[in-house]
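Residue numbers begin at 1 in each chain, while the letters A, B, ... track the order of the sequences.
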Protein chains: 2
Amino acid sequence: MFRILVVEDDKELNRTVCTYLNQNGYEAVGCLSAGEAYDAMYGGSLFDLIVSDIMMPDVDGFEFARTVREQDQEIPILFMTARDDFASKQKGFKTGIDDYMVKPVDLDELLLRIGALLRRAKIVSSHKLEIGKLVLDADERSAYLDGEEIPLTVREFNLIYKLLSYPKKTFTRSQLMDEFWDGDTSSGLRTVDVYMTKLRSKFSGCEEFQIVTVHGLGYKAVLK
Amino acid sequence: MFRILVVEDDKELNRTVCTYLNQNGYEAVGCLSAGEAYDAMYGGSLFDLIVSDIMMPDVDGFEFARTVREQDQEIPILFMTARDDFASKQKGFKTGIDDYMVKPVDLDELLLRIGALLRRAKIVSSHKLEIGKLVLDADERSAYLDGEEIPLTVREFNLIYKLLSYPKKTFTRSQLMDEFWDGDTSSGLRTVDVYMTKLRSKFSGCEEFQIVTVHGLGYKAVLK
DNA sequence: TTGAAACTTAAACATTTCGTTAACAAATCT
DNA sequence: AGATTTGTTAACGAAATGTTTAAGTTTCAA
């Protein structure tokens with residue numbers, strides 16, 4: 001689920017945009033000023049994309065975007081503004097925004113452009129799972145503990161990646177087999193047990209998590 | 001220097017755009033049809049970004065973009081078209097384009113948007129890959145180790161360039177075939193293995209990297 | 001057009017790696 | 001305690017990969 005921060009001082013428009021985004025599969029959070037937006041961002045909430053107006057009561061959009069960019073080079077920023085002059089567009093793009101839409105915006109087109117930006121941003125960010133000193137990289141299909149690689153076979157990696165993607169969630173042997181053995185449960189379910197032993201052994205030096213047996217059900221990873 | 005492919009059947013507009021891009025620090029190549037564009041791309045030239053019209057004599061922009069996306073998920077594509085209807089925009093973004101501008105386009109805004117896309121795509125400004133004593137030049141399609149050329153065929157070069165562009169990232173045989181054999185997987189996937197053997201042999205004197213087999217998945221290049 | 005060289009690919013065989021099973025030990029539940 | 005579930009290990013066999021060869025294909029110059 002992608003989280004989108006909407007910074008727009010027009011209450012009604014803000015509400016309209018957020019509602020529309022929420023109806024279309026995003027989790028939108030509306031802010032009426034840059035100050036509010038800072039609070040939302042650094043209050044622990046992580047966002048995947050920012051939609052921002054330019055003219056706002058406290059800090060303007062340019063300044064807001066610049067500040068954000070200093071801290072985060074990656075997050076896509078889309079300006080949604082009434083200003084249709086080239087100078088504003090230039091200023092915006094120069095501060096590092098990714099798209100610029102002129103009001104009144106077609107909400108459906110906004111959706112399309114948000115989709116394109118998220119797709120693009122996602123390509124760049126690698127699929128990593130970081131838990132303390134442990135890093136699982138889905139592109140490399142390798143695990144690093146404190147920088148040192150732990151060699152894993154394909155199935156081993158798939159299993160541990162799955163478990164760690166949903167900590168505390170219990171997976172039955174059948175679920176795991178269905179997913180990583182192409183639904184071919186002809187090989188006995190006990191094979192999963194063997195893999196758990198292998199994983200426990202390979203990650204014995206890792207204090208970040210633990211593979212826990214749920215008797216009668218299956219296995220789960222629990223973070224320490 | 002960024003290279004931009006401009007696909008636009010209106011000769012005059014094509015010329016105008018290319019000239020403007022060239023005057024602003026890019027290296028633009030104009031094509032009057034999708035067919036021409038394919039030739040330009042497959043002819044060994046590497047492009048960093050594509051600007052394309054939708055309505056064209058042979059294959060339309062949607063089809064063109066789709067074909068390009070099948071082979072290359074990364075290259076930014078910008079549509080520049082007279083069509084201002086939502087359906088076209090939707091169709092475009094769904095095929096994976098990154099931006100959509102309605103004619104008549106302001107060339108200065110085009111520049112801004114191209115700049116934003118290139119920044120986002122994080123493309124390095126060169127088609128050279130330098131790793132220690134090893135140099136791969138994508139324009140020349142040649143490899144130099146310590147100044148001495150290592151002769152490579154087109155397929156050999158494509159493969160090693162791809163692997164080294166994403167060190168540690170694992171590529172499946174299918175991925176590589178899809179990309180460098182025009183999606184023609186009729187030739188057995190084992191062909192890839194043969195090429196890996198050849199590459200390992202040709203780069204046996206190279207201590208900068210190593211081609212590593214990921215059993216059950218494919219291959220990756222690991223820097224030493 | 002023709003021949004030579006370079007390139008590509010299928011096939012065959014050698015080699016390596018991995019997955020599975022089976023057996024027994026240990027733990028857990030009733 | 002007895003039954004069931006789970007932990008662990010090692011060995012076998014299957015599958016994936018490495019490599020070479022030879023035959024087919026393309027390219028290019030004469």
Quick check: does any side chain N or O of B:D99 sit under 3.5 Å from a backbone N or O of B:L78, one acting as donor and the other as acceptor?
-> no

Would B:K198 count as a cation-pi partner of B:Y195, with NZ or CZ less than 6.0 Å from the six-membered ring centre and within 45° of the ring normal?
-> yes

Between B:R66 and B:E70, is there a salt bridge with N-O shorter than 4.0 Å?
-> no

Between atom CG in A:L189 and atom C1' in C:dT21, what is the gap in whole Å?
-> 13 Å

C:dT20 phosphate, OP1 or OP2: any side-chain N/O from A:W181 under 4.0 angstrom?
-> yes

Ring centroid separation for A:F79 and A:F93, is it under 6.0 angstrom?
-> no

Contacting residues from residues 212-224 of chain A, given that a heavy atom lies under 4.0 angstrom of DNA chain C = A:H215

Do you know the tightest heavy-atom contact between B:K169 and B:K220?
-> O-CB, 3.2 Å

Please report the shortest heavy-atom distance between A:S165 and A:Y161, naming the atom on each side.
-> OG-O, 2.6 Å

Whichever of B:L152 and A:V154 has its nearest DNA chain C nucleotide further upstream toward 5' = B:L152

Could you tell me the separation between the CD atom of B:E8 and the CG atom of B:L32, rounded to the nearest 0.5 Å?
-> 8.5 Å

Answer yes or no: does a side-chain N or O of B:T153 lie under 4.0 Å from OP1 or OP2 of C:dA6?
-> no

What are the residues of residues 193-203 of chain B, sorted by number, that bring a heavy atom to within less than 4.0 Å of DNA chain D?
-> B:D193, B:V194, B:T197, B:R200

Note: B:K103-B:D84 ion pair, threshold 4.0 Å (strictly below) | no

When the distance from CZ of A:F180 to C1' of C:dT20 is rounded to whole Å, what number comes out?
-> 18 Å

Take the protein atom CZ of A:R155 and the nucleotide atom P of D:dA16, then report the distance between them rounded to whole Å.
-> 9 Å

Distance test, side-chain N/O of B:R190 to OP1/OP2 of D:dA16, below 4.0 Å | no

Would you give the length of the straight line joining atom CD1 of A:I131 to atom CG of A:L164, rounded to the nearest 0.5 angstrom?
-> 4.5 Å

Whole-Å distance, A:L176 CG to C:dT20 C1', equals 17 Å

